[in-house]
Amino acid sequence: MSGQAGGTGTGTPLHHHLMAIGGVGMSALARLLRADGHHVSGCDQQPSPYSRALEAEGVRVHIGHDPTHLEGVDVLVVSSAFAEMHPEIQAAHARAVPVLRRLELLGRLLAAAPSVGVTGTHGKTTTSSMLSSLLLAADQDPWCFVGAYVPALESNARFGRGLRVAEIDESDPRFQEVVVQTAVLTNLEDDHIGAGEDLPNNYHATFEDLIRATERFARSAERVVYNAEWPLLERITEGHPQRVGFGEKIGTYQARELTLSPTGSTFQLYRADTFLAPVTLSVPGRHNAWNALAALSAALECGAPLEPMVEALSRFRGAERRFEQVGTYRGAPVIDDYAHHPTEVRAVIAAAQATGRRVRLVFQPHRYGRTQQMWERFAESLVGPDEVIVLDIFSASEKPIPGVHSRLIADHLQAHGHPGVWMTWEDTERHLRATTTPEDLLLFVGAGDIYQLALRLAAG
């Protein structure tokens, strides 16, 4: 990584200013740029744990957005959430300050060395977290960009001189322009799909557009490692000169004899018909076994040694907000999970039910557009827990859509005889405080601010 990453090609350290620096992705970029000798500043609408951590590390963070932030700035880096007409972006254009979108900068950083990019609708954060942890344990000195805090890295980013590992957000159509040496595809479903004239920057117009973008991302890579159990990925990668599949029963790499337990899983790792090693995981669910298989497959294809990675997997405890136990309340485990798609919700519920406890789930729908498209599928995915409480929709800055409310989900559950109810945040907290027993498991699910409610319960 050098000054070229900022777009000047001079090799000179540059001043990068990052808008929305308090987000998990932008804060990771800030750390990586700073570790490579660049000067970094940023701004955001309000403080966050990530922005506060950056300030403690010496990064200047402004609260609010203002064109005056551009004084002395060489490169402005912005997230996909900002429209081109934003005053700070327009001021950068007026001053001839280069403007890079988040994925444009990430793509330039990944192009500077051999790299692995992990993408997919589900599992990309956990897979990239696992892959980063495995390469670190195998003394590969990885450079890492992950969309969550990773305990093994003690951060959401790591600067290293080895293989560059990055979680690639498929919600932003620009992801198809990122070129990596090895592309890892975990799965693909219809998420971040929009319509109409006000299509957000982080949405694809149609599912076919997302499929074509994923195909372009895969075909630009020298090697593609993909979930062979996912028929759509088989189609997308067909004809790639160097494709490597993984799965339980098919693919180059296989997780045979997969056995699930309440706290994890075990499987026998094979490459073709050659047994490689027994693998033990300490994170629950079939989906995490597939994530581990994806990470192992990519790491082995990139030449990392197997033995230390298998040992590291047994110690892997997950990424932040991925079936994370944040504490207990009245003896009941309090679990926080970022799941915000029906497939992810089903996987999280299955992992919770495997504990044998009474599963009491609190679900916060994320975005009006997604809820409008998927409310019925969300209701179907929520069948199974002993209790389901649905909170108001977390807007993620989207405008409300008339007739779209989380009560659609709760009412559908009730109409089909399932224990679902809509509650306010305050009533949910009072209800759980009054009724929780040691036999329960309190499961908080959603990509919004629902984690704060989980932390309030866990604090007692």
Side-chain angles (χ1 to χ4, degrees), residues 116-137 142 144-153 156 165-170 182-189 191 224-230 233 244-256 258-261 263-269 277 279-302 304 306 309-310 312-324 335 337-341 343-352 354:
V116 179
V118 182
T119 196
T121 308
H122 324 295
K124 56 185 174 288
T125 298
T126 298
T127 300
S128 53
S129 299
M130 286 178 167
L131 180 55
S132 298
S133 302
L134 301 190
L135 293 172
L136 183 62
C144 309
F145 171 92
V146 184
Y149 177 88
V150 182
L153 306 181
N156 54 347
V165 176
E167 175 182 344
I168 308 294
D169 184 2
E170 89 294 344
T182 301
V184 180
L185 310 181
T186 59
N187 43 60
L188 193 64
E189 287 197 89
D191 196 16
V224 59
V225 176
Y226 72 102
N227 186 340
E229 305 270 5
W230 211 270
L233 296 186
V244 178
F246 63 88
E248 286 185 53
K249 300 178 181 177
I250 56 177
T252 303
Y253 290 93
Q254 296 181 17
R256 300 184 184 178
L258 174 61
T259 302
L260 303 176
S261 74
T263 57
S265 63
T266 60
F267 61 83
Q268 305 300 307
L269 177 64
V279 176
T280 298
L281 293 179
S282 298
V283 286
R286 175 173 263 104
H287 62 295
N288 276 322
W290 285 20
N291 293 335
L293 186 57
L296 281 170
S297 301
L300 290 170
E301 288 297 303
C302 292
L306 175 62
M309 295 195 296
V310 169
L313 265 182
S314 69
R315 293 182 281 106
F316 182 81
R317 291 295 185 272
E320 180 184 49
R321 301 211 61 201
R322 271 65 182 180
F323 208 81
E324 179 185 10
I335 306 295
D337 196 278
Y338 194 75
H340 54 284
H341 184 280
T343 299
E344 297 167 351
V345 172
R346 284 191 182 92
V348 170
I349 290 172

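Heavy-atom basis, side chains included; hydrogens, waters and symmetry copies ignored.
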**Q** State the CD-CD distance between Glu248 and Gln254, to the nearest 0.5 angstrom.
**A** 9.5 Å
**Q** Mind checking the CE-CG spacing from Met309 to Leu131? Nearest 0.5 Å is all I need.
**A** 8.5 Å
**Q** If you compare all heavy atoms of Ala298 against all heavy atoms of Val184, which two are closest, and at what distance to 0.1 Å?
**A** CB-CG2, 3.8 Å
**Q** Are the side chains of Leu313 and Leu281 in contact, using a 4.5 Å heavy-atom criterion?
**A** yes
**Q** Any chance you could measure Leu293, atom CG, to Leu269, atom CG, to the nearest 0.5 Å?
**A** 6.5 Å
**Q** What is the minimum heavy-atom distance between Ala354 and Ser261, and which atoms define it?
**A** CB-O, 4.5 Å
**Q** With a 3.5 Å cut-off and no angle check, do the side chains of Asn291 and Thr127 form a donor-acceptor pair?
**A** yes
**Q** Report yes or no: does Glu324 contribute a side-chain atom to a donor-acceptor pair with the main-chain N or O of Tyr338 at less than 3.5 Å?
**A** no
**Q** Side-chain contact test, heavy atoms from C-beta onward, threshold under 4.5 Å: evaluate it for Leu233 versus Thr186 and give yes or no.
**A** no
**Q** For Glu167 and Ser128, indicate whether the former's side chain and the latter's backbone hold a donor-acceptor pair under 3.5 Å.
**A** no
**Q** For Arg322 versus Ala148, what's the shortest heavy-atom pair and its separation?
**A** NH1-CB, 3.8 Å
**Q** Are the side chains of Ile335 and Phe323 in contact, using a 4.5 Å heavy-atom criterion?
**A** yes
**Q** Taking side chain as C-beta onward, heavy atoms only, is Arg317 less than 4.5 Å from Ser282?
**A** yes
**Q** Could you pull out the closest heavy-atom pair between His287 and Ala351, with the gap in Å?
**A** CE1-CB, 4.5 Å
**Q** Check for me whether the distance between the ring centres of His122 and His341 falls short of 6.0 Å.
**A** yes
**Q** With no hydrogens and no angle check, do the side chains of Glu301 and Thr182 hold a donor and an acceptor under 3.5 Å apart?
**A** no
**Q** Kindly compute the distance separating CH2 (Trp290) from CG (Asn187), expressed to the nearest 0.5 Å.
**A** 8.5 Å
**Q** In a check of side chain to side chain contact (heavy atoms under 4.5 Å, CB included) between Phe316 and each of Val283, Leu134, Asn288, which one passes?
**A** Val283
**Q** Please answer whether the main-chain N or O of Ile168 pairs with a side-chain N or O of Thr119 as donor and acceptor at a distance below 3.5 Å.
**A** yes
**Q** Looking at every non-hydrogen atom in both residues, tell me the closest pair between Ser129 and Val150 and how far apart they are.
**A** OG-CG2, 3.4 Å
**Q** How far does CD of Glu344 sit from CD of Glu189, to the nearest 0.5 angstrom?
**A** 8.5 Å
**Q** To the nearest 0.5 angstrom, please state how far the CG atom of Leu300 sits from the CZ atom of Phe246.
**A** 13.0 Å
**Q** Do you know which two heavy atoms are closest between Leu306 and Ala277, and how far apart they sit?
**A** CD2-CB, 3.9 Å
**Q** Can you find a pair of side-chain heavy atoms, one from Asn227 and one from Leu185, that are under 4.5 Å apart?
**A** no
**Q** Would a 4.5 Å heavy-atom cut-off, applied to side chains only, mark Ser265 and Leu258 as touching?
**A** yes
